[in-house]
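For reference, the structure is listed below as structure tokens.
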Amino acid sequence: MYSGSWIELSRPALENNVRLIKSILGTETRFSSVIKGNAYGHGISEMLGQLQEMGVDHFSVFNSEEAWLVQQDLQPGHTLMIMGDVDGDALAWAIENGVEYFVFNLGRLENSIRLAARMGRRARIHLEMETGMNRTGLSEDELRHALELIQSNLEWVEVCGCCTHFAGAESIANYYRIKKQISRFKKRVEQCRSQGIGPGLRHTSCSAGILRYPRMNLDLARVGILQYGHWPNPETMIEFLTRRNEVNDPLQRVLSWKSRVMSVKEIRTGEFIGYGSSFQATAPMKVAVVPVGYAYGYSRSLSNHGHVLIRDMRAPVVGMVNMNAITVDITGLSLVGRGEEVILIGTGGENTVSVSSFGEMSKQLNYELLARLPHSIPRIVKK
Ligand SMILES: *Cc1c(COP(=O)(O)O)cnc(C)c1O
């Protein structure tokens, strides 16, 4: 092992979460597994392999770079969909390989038709509607033009779906905004139907959407964070448990992040630890140095705040998080020596360092913390 830390992926946890998502969706709604952002830090290839073995056959990514990676290992007959950035050569590549993608402006539609005609293939598109998120999406006028364009180029484009994205389905504060989006989406779908196009698969919902607006599950749901074993926010978890009259979290975390003790040192009373004077020993102490720092995804805001688990016991971070290392207090843990396993995120015995506690301490969102875990950390699947 050459790396200072590694990420373990629990296959049973993933299986559990996929089963739960499928039970929430029922048989009418297809599950699209969202594996953008390096599969929310879990590792795109490692997650793809496992998910396909579990029978998942539809995948969503943000851009063509991610799509290219997925396409290398995608099983025949499985669907890959790009929800965001695909342009230039990548657009030609997508059409050539039957990769589906969102169309949210007329320029992309025109390019698609031109390229598809040149290649003698059909571009497989999803019409993304502007319904109120105001990020990407076709306005009512643009949709009308798009439908005309498609009508006269039916041999070069296939409308595989119609979709939109909710602007914050996880929070009840956005309820009226989402309701408006829902009614606009329905109108746009009717607009397609009345011009004899699509709608193909209708899809609007992310994780929070399937929890809060189940009637909008429709034909396909694009689910990310839930499959990794995390809730979009605490509100969605509490609502889900309350509605089902359950107390235990049915999700299981897929990811743990681990390292090991690089070095151990005895500290005398009155000495400061690390850079500056943010931590002073008020009694004789023993500290362990762990080779992860902010260069490797361990946030500097966890200085004197975070903790890790060693031998299932909590060991607080003392002093500043450095670029390459942290120091943790192991005064009570007499047997800990070099090479001892350290849990940065995960569970040991009765204790857990959760992504959300880590996130709260470092003021990062679940999503952000996971997605920022460096790509270079090895990912290991645990059966
Ligand atoms: C990221 C994303 C999703 C998945 O969101 P989760 O909250 O992780 O389920 C769905 N749709 C779009 C358009 C996205 O960008």
Side-chain angles (χ1 to χ4, degrees), residues 1-10 13 41 229-230 252-364 366 368-370 372-374 376-380 382:
M1 179 75 67
Y2 293 113
S3 77
S5 73
W6 64 95
I7 283 169
E8 293 179 2
L9 305 171
S10 161
H230 298 276
Q252 293 174 17
R253 319 288 173 248
V254 171
L255 176 146
S256 314
W257 185 20
K258 296 182 178 174
S259 183
R260 61 196 151 65
V261 172
M262 179 175 79
S263 182
V264 173
K265 193 178 279 297
E266 309 275 347
I267 310 290
R268 287 200 312 267
T269 306
E271 290 290 321
F272 293 101
I273 296 176
Y275 288 121
S277 52
S278 76
F279 189 91
Q280 185 176 30
T282 54
M285 285 177 70
K286 200 164 87 170
V287 295
V289 183
V290 184
V292 288
Y294 55 78
Y296 312 120
Y298 202 89
S299 172
R300 195 163 172 277
S301 56
L302 294 168
S303 299
N304 286 313
H305 276 300
H307 59 267
V308 301
L309 302 179
I310 301 179
R311 295 195 173 202
D312 301 346
M313 301 291 284
R314 289 164 65 115
V317 173
V318 289
M320 304 305 286
V321 171
N322 300 171
M323 181 185 283
N324 312 102
I326 54 174
T327 37
V328 298
D329 182 3
I330 52 164
T331 308
L333 307 171
S334 54
L335 292 172
V336 170
R338 257 185 324 125
E340 193 86 39
E341 186 172 281
V342 176
I343 299 177
L344 305 167
I345 292 178
T347 298
E350 302 280 291
N351 284 315
T352 294
V353 184
S354 67
V355 167
S356 52
S357 75
F358 201 103
E360 261 159 42
M361 288 185 287
S362 62
K363 297 204 166 53
Q364 282 176 302
N366 269 353
E368 180 186 352
L369 191 146
L370 290 168
R372 284 174 68 143
L373 289 169
S376 59
I377 302 176
R379 270 77 173 168
I380 299 156
K382 293 275 170 177

Considering non-hydrogen atoms only, spot the tightest contact between [X] and [Y] and give its length.
X: Ala295; Y: Pro374; value: O-CG, 4.5 Å
X: Ser301; Y: Ser299; value: OG-OG, 2.8 Å
X: Val321; Y: Ser303; value: N-OG, 2.8 Å
X: Met320; Y: Tyr275; value: CG-O, 4.1 Å
X: Gly41; Y: Ile7; value: O-CD1, 4.2 Å
X: Gly4; Y: Ser259; value: O-OG, 2.6 Å

Under a 4.5 Å cut-off applied to non-hydrogen side-chain atoms, are [X] and [Y] in contact?
X: Val328; Y: Val342; value: no
X: Val290; Y: Tyr298; value: no
X: Glu341; Y: Arg260; value: no
X: Leu255; Y: Leu373; value: yes
X: Ile326; Y: Val308; value: yes
X: Arg253; Y: Val355; value: no

- When you measure from the side chain of Gln280 to the backbone N and O of Gly270, does any donor-acceptor pair fall under 3.5 Å? yes

- N/O donor-acceptor pair under 3.5 Å between Lys286 side chain and Ser334 backbone: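 Yes.
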
In Å and rounded to the nearest 0.5 Å, what is the [atom1] to [atom2] distance from [X] to [Y]?
X: Tyr294; Y: Asn324; atom1: OH; atom2: CG; result: 7.5 Å
X: His307; Y: Leu344; atom1: NE2; atom2: CG; result: 11.0 Å
X: Leu309; Y: Lys258; atom1: CG; atom2: NZ; result: 10.0 Å
X: Leu333; Y: Ile310; atom1: CG; atom2: CD1; result: 6.5 Å
X: Trp6; Y: Arg379; atom1: CH2; atom2: CZ; result: 14.0 Å

- Does the side-chain contact (heavy atoms from CB on, under 4.5 Å) test come out yes or no for Leu369 and Ile345, once each step is laid out? CA-CA 11 Å; Leu369 191 146; Ile345 292 178; 3.8 Å; yes

- Item | Pairs where residues 296-317 contributes a residue and the test salt bridge (Lys or Arg N to Asp or Glu O under 4.0 Å) is met, not counting sequence neighbours | Arg311-Glu340

- Query: Are a donor atom and an acceptor atom from the side chains of Ser354 and Thr352 found within less than 3.5 Å of each other?
  - Reply: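 No, no side-chain donor-acceptor contact under 3.5 Å.
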
- Message: Does Met313 have more than 12 heavy atoms from other residues, nucleotides or ligands lying within 6.0 Å of its CE?
- Response: no

- Message: As a test of understanding, state which of Thr327, Thr269, Asp329 forms a side chain to side chain contact (heavy atoms under 4.5 Å, CB included) with Met285.
- Response: Asp329

